[in-house]
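Since the structure is predicted, the reported quantities are computational estimates derived from the model, not experimental observations.
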Amino acid sequence: MPQPHEQDLFESSTMSFGEHLEELRSCLIKALLWVVVGTCVGLFFGEYVVNLIKLPLQDSLGEYYIENALLKFEEFSKSQQERNQPVHYDESQIASLVEDGYIFEVITIYPPAVLGNLQAQYPDTFPPPATSGESPRQPSGEAADGQAKPKLTGVDLVPLFTWRRVEDDPRVAIKSLASQEAFMIWLKAGVVAGIILTSPMIFYHMWSFIAAGLYPHEKRYVNIFLPFSVVLFLTGAAFCFFVVLPYVLNFLFSYNRSLGIDPDPRINEWLSFALFLPVGFGLSFQLPLVMLFLHRVGIFSVEVYLQKWRIAVLVIAVISMVLTPADPMSMMMMAGPLIGLYFLGIAICRWMPSAKGPLDA
């Protein structure tokens, strides 16, 4: 039978404001110590972490330059057809090489000059032709009178395809500008790796601080929610890194292509984007767990969640705008899942209703 509300049955379990501050300080110090320990471990894997972080950017840069090359090949084919010049590649051959991981550039050369340089540098491999009495081919529009250098025209230049592996293309390589930048990148990667490695203990101390101010019947929720909290954090971080980042990069690079500006990203700028955005996603994915916790302790009800869903969507949009870079794609990629998680939280609250209110335990 519920006890009268004026009788404080939980007086022994409540904490004063000062005790809350002391508990917060203790939990923060313990969590920070775990971050330090995790960072020391993460530094041993710093090189692997940096290489892993570079993959989405390098893949997106490779796709960008491959698509650019294919577009330029179409333009090149049209221009050759208009000039009645042969094209020694067709689209199927180009596509086959691209699928095998190759990228190309089209350059133009003047064959007599290239042949002359080869004959001068490697006379055994490229011997000069036997004298036949015929004068060598001269560039269009000029005679070989020996008095003046002939004039070159576009007709005398021959297109040449140069191929290389995508990963060997210098345009795909990630660059740094300062001598100390590589060291700072390795250090940041170690810190983030340490946070991820020790995230279970960090969340444990966070929930311990929350549990310190709860009533006895509420504290048992901490042991239930802690593993789910860690799983949601890691799921959000992985979703951001493996799903969101490639779409965001392709979206941003599409503006480079439309404006004719080739990207040349720096590793330090990319690192801040690729390291801290997954952390923001991981924290935001705690939403259904927070909703369930607030429901179980009697602060909010399912009816309130349903009535205020429009406000919740607005708050999610604002949070997504703050936690993501200044582009609409990353904002929508965060806001969309969070809106879905909000309604998933409502469904979980209905599926796991609170057996007791805070005053009926």
Side-chain angles (χ1 to χ4, degrees), residues 50-83 85 87-110 114 154 157-182 184-185 188-189 240-278 324-333:
V50 172
N51 291 331
L52 181 65
I53 292 171
K54 290 192 303 183
L55 282 179
L57 180 58
Q58 289 177 322
D59 291 343
S60 296
L61 284 173
E63 293 178 7
Y64 171 85
Y65 284 110
I66 285 174
E67 188 169 346
N68 268 13
L70 294 175
L71 292 175
K72 290 180 180 179
F73 175 75
E74 293 180 2
E75 297 174 358
F76 166 75
S77 300
K78 291 179 181 178
S79 64
Q80 291 293 96
Q81 292 173 2
E82 292 173 355
R83 295 188 299 177
Q85 296 291 328
V87 180
H88 300 289
Y89 290 94
D90 59 32
E91 292 184 5
S92 62
Q93 291 175 316
I94 295 292
S96 176
L97 286 169
V98 168
E99 289 178 358
D100 291 338
Y102 286 89
I103 193 172
F104 67 90
E105 289 183 276
V106 180
I107 62 175
T108 54
I109 62 171
Y110 178 47
V114 175
L157 302 179
V158 176
L160 180 68
F161 281 64
T162 61
W163 293 87
R164 62 173 65 90
R165 300 287 300 182
V166 174
E167 59 268 20
D168 297 329
D169 194 310
R171 298 171 299 177
V172 178
I174 312 301
K175 305 173 182 64
S176 63
L177 293 178
S179 57
Q180 75 278 6
E181 197 168 2
M184 296 304 299
I185 290 167
K188 290 179 181 179
C240 176
F241 189 80
F242 294 105
V243 178
V244 175
L245 287 182
Y247 279 100
V248 171
L249 286 172
N250 292 333
F251 171 79
L252 295 176
F253 287 160
S254 66
Y255 283 91
N256 289 81
R257 184 177 297 108
S258 62
L259 297 176
I261 302 174
D262 288 336
D264 190 17
R266 298 297 185 264
I267 183 62
N268 194 39
E269 299 172 356
W270 165 246
L271 194 71
S272 300
F273 183 80
L275 285 180
F276 298 106
L277 187 60
T324 58
D327 67 276
M329 179 59 69
S330 57
M331 174 184 170
M332 290 187 293
M333 293 291 283

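In this model, a donor atom of one side chain and an acceptor atom of the other lie less than 3.5 Å apart for Asp262 and Tyr64.
Between Gln58 and Val172 the shortest heavy-atom distance is O-CG1, 3.5 Å. Across all their heavy atoms, Ile53 and Trp270 have their closest contact at O-NE1, 2.9 Å. Minimum heavy-atom separation, Pro265 to Leu61: CG-CD1, 3.9 Å. Listed here is the closest heavy atom pair of Asn250 and Glu63: OD1-OE1, 3.5 Å. A pairwise comparison of heavy atoms in Ala189 and Val50 identifies CB-CG2, 3.7 Å as the closest pair.
Partners of Phe241 under the ring pair (Phe, Tyr, Trp, His ring centres under 6.0 Å) rule, at least two apart in sequence or in another chain, do not exist in this structure. In this structure, the salt bridge (Lys or Arg N to Asp or Glu O under 4.0 Å) partners of Arg165, at least two apart in sequence or on a different chain, are Glu167. Legend: residues meeting side-chain hydrogen bond (donor to acceptor under 3.5 Å, both in side chains) with Tyr102, ordered by chain and number and at least two apart, are absent.
Looking at heavy atoms from C-beta onward, Ser254 lies out of side-chain contact with Glu67 at the 4.5 angstrom threshold. Considering only heavy atoms from C-beta on, Pro278 stays 4.5 Å or farther from Phe242 through its side chain.
In this structure, the separation between CG on Leu71 and CD1 on Ile66 is 12.0 Å, given to the nearest 0.5 Å. Once rounded to the nearest 0.5 Å, the distance linking CD1 of Ile185 with CD of Gln180 reads 10.0 Å. A distance of 6.5 Å separates CZ of Phe251 from CE of Met332, quoted to the nearest 0.5 Å. For the atom pair CG of Leu245 and CG of Leu55, the computed distance is 11.5 Å after rounding to the nearest 0.5 Å.
Side-chain atoms of Ser60 never come within 3.5 Å of backbone atoms of Leu57 as a donor-acceptor pair (strictly under, hydrogens ignored).
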